[in-house]
Amino acid sequence: MERPTRQRERNTETEELAQETEDERACPECESASLTNSADQGELVCDDCGLILETDNIDRGPEWRAFNHSERQSKSRVGAPTTQTMHDKGLTTQIGWQDKDAYGRSLSAEKRSQMNRLRKWQERVRTKDAGERNLQFALSETDRMASALGVPRSVREVSSVIYRRALSEDLIRGRSIEAVAASALYAACRKEGIPRSLEEVTHVARVEQKEIGRTYRYIARELELGMRPVDPQKYVPRFCSSLDLSEEVQSKANEVIEASAAEGLLSGKSPTGYAAAAIYAASLLCNEKKTQREVADVAQVTEVTIRNRYQEQIEAMGIQ
């Protein structure tokens, strides 16, 4: 007799399950339709007479136990989620650097040498061409600068997506990788509403501010990012915190900026300079005086900028 194929067996099992679903099952002993699946023993039991109809059912649940919601959330059969911040999106494996086995014991000299060779070849096979090596270096630079700026994970993801788009559109040709990575990070900060000025990005980057600004404008135009002007009020909380100023000064600085915006004075002005001047004016109005030098150092602007913006803001508020 010819043995049926796997496909024929699957079709037979599917037909049997469909037939069982259509016909309502009942207990052959008491003809009761009240049947229960025992999750712990994998049995189909009649609730009325206790007859066991089936045994060894397939348990499709997890192999681990969880006693509360937090334990259930922490356990999973899958690995880490994919991320745009790694050139391979986190799908490849990595070999640990601890040189210890599963029991925490140190490896022998021979095994350590073997693991070093494995790590070296693992790094080589992760990047198959120059484009992936370019992307790997750029994303590592983005991660370094983002850590120095203290921006959240979402900004790093957006920055990686912008750099990948620039790479696919061939916008990096003729430009340094560091400049494009810094420009993508600055664009991501503006997209996510995280107040980081171009001066702060330049401070953690390895290229000049002029090159970052020029590259940023080029990428924003070619990729049609549609950047909105930065609101100076977004810088006020961080600057006030660095200067140890009270909530009253912060609130007054926001009032100064709103009054200046109503007069149309924000157009074409640096948002960091305007925020710094508003904080300086608010500190004087609230009797928590800070010098122009102190405010300028925190905002990374010049004292001349603060004086010019301060005069405009005072006139806008009608203060003599």
Side-chain angles (χ1 to χ4, degrees), residues 6 9-10 13 37-43 55-165 167-168 172 176-178 180-182 184-185 188-189 192 194 204-206:
R6 291 184 179 178
E9 290 177 351
R10 292 196 192 99
E13 292 175 358
N37 280 305
S38 177
D40 55 347
Q41 298 179 357
E43 298 173 342
T55 59
D56 299 330
N57 289 337
I58 298 176
D59 183 11
R60 302 187 183 277
E63 69 278 1
W64 39 260
R65 295 187 299 170
F67 301 98
N68 53 45
H69 180 69
S70 60
E71 288 186 5
R72 192 174 296 106
Q73 291 295 107
S74 63
K75 294 182 178 180
S76 176
R77 286 178 172 174
V78 298
T82 58
T83 174
Q84 298 289 339
T85 59
M86 301 178 67
H87 76 283
D88 53 9
K89 298 184 180 180
L91 297 177
T92 59
T93 57
Q94 291 184 345
I95 302 175
W97 53 270
Q98 289 85 357
D99 285 334
K100 293 184 179 180
D101 60 10
Y103 300 98
R105 296 174 301 196
S106 299
L107 300 178
S108 62
E110 182 181 357
K111 287 293 183 182
R112 286 199 300 270
S113 177
Q114 181 181 3
M115 295 304 295
N116 287 332
R117 289 197 301 272
L118 288 174
R119 289 192 197 95
K120 179 167 60 177
W121 280 104
Q122 174 68 10
E123 288 298 322
R124 288 178 180 176
V125 299
R126 288 184 66 190
T127 54
K128 62 181 180 181
D129 53 23
E132 287 196 358
R133 286 193 295 271
N134 177 326
L135 186 60
Q136 183 182 28
F137 175 71
L139 296 182
S140 65
E141 277 292 296
T142 300
D143 192 63
R144 179 190 64 81
M145 292 185 291
S147 298
L149 290 173
V151 296
R153 185 76 181 179
S154 60
V155 175
R156 306 184 189 195
E157 293 283 348
V158 174
S159 175
S160 302
V161 171
I162 293 175
Y163 188 90
R164 288 175 184 271
R165 287 186 58 192
L167 183 63
S168 63
I172 304 177
S176 66
I177 297 176
E178 294 90 342
V180 179
L185 181 59
C189 289
E192 293 296 299
I194 304 298
V204 299
R206 296 171 178 171

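When a residue number appears, it is its place in the shown sequence, counting from 1.
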Verdict with reasoning, L139 to R164, per side chain to side chain contact (heavy atoms under 4.5 Å, CB included) = CA-CA 9 Å; L139 296 182; R164 288 175 184 271; 3.8 Å; yes
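- Looking at residues two or more places apart in sequence or on another chain, you find a side chain to side chain donor-acceptor pair (under 3.5 Å) between S147 and R156.
- Residues that satisfy the salt bridge (charged side-chain N to carboxylate O under 4.0 Å, His left out) test with R117, not counting sequence neighbours, are absent from this structure.
- No side-chain donor-acceptor contact under 3.5 Å links S113 to the backbone of E110.
- Scanning both residues, A138 and A181, for their nearest heavy atoms gives O-CB, 4.0 Å.
- If you take OG on S108 and CD on Q114, they are separated by 9.0 Å, rounding to the nearest 0.5 Å.
- With sequence neighbours excluded, the residues that form a salt bridge (charged side-chain N to carboxylate O under 4.0 Å, His left out) with E141 are R144, R206.
- Taking 4.5 Å as the limit, every side-chain heavy atom of T142 sits out of range of all side-chain heavy atoms of T85.
- Taking 4.5 Å as the limit, some side-chain heavy atom of L185 sits within range of a side-chain heavy atom of L149.
- Residues that satisfy the side chain to side chain donor-acceptor pair (under 3.5 Å) test with S176, not counting sequence neighbours, are E211.
- With sequence neighbours excluded, no residue forms a salt bridge (charged side-chain N to carboxylate O under 4.0 Å, His left out) with R133.
- Residues meeting the side chain to side chain contact (heavy atoms under 4.5 Å, CB included) test with D101, sequence neighbours left out: Y103, R105, L107.
- Residues passing the side chain to side chain donor-acceptor pair (under 3.5 Å) test with E157, sequence neighbours excluded: T83.
- Expressed to the nearest 0.5 Å, how far CZ of R153 lies from CD of E192 amounts to 13.5 Å.
- Considering CZ of R165 and CG of L167, their distance stands at 12.5 Å, rounded to 0.5 Å.
- Listed by chain and number, the residues in a side chain to side chain contact (heavy atoms under 4.5 Å, CB included) with A184 are S159, I162, Y163 (sequence neighbours excluded).
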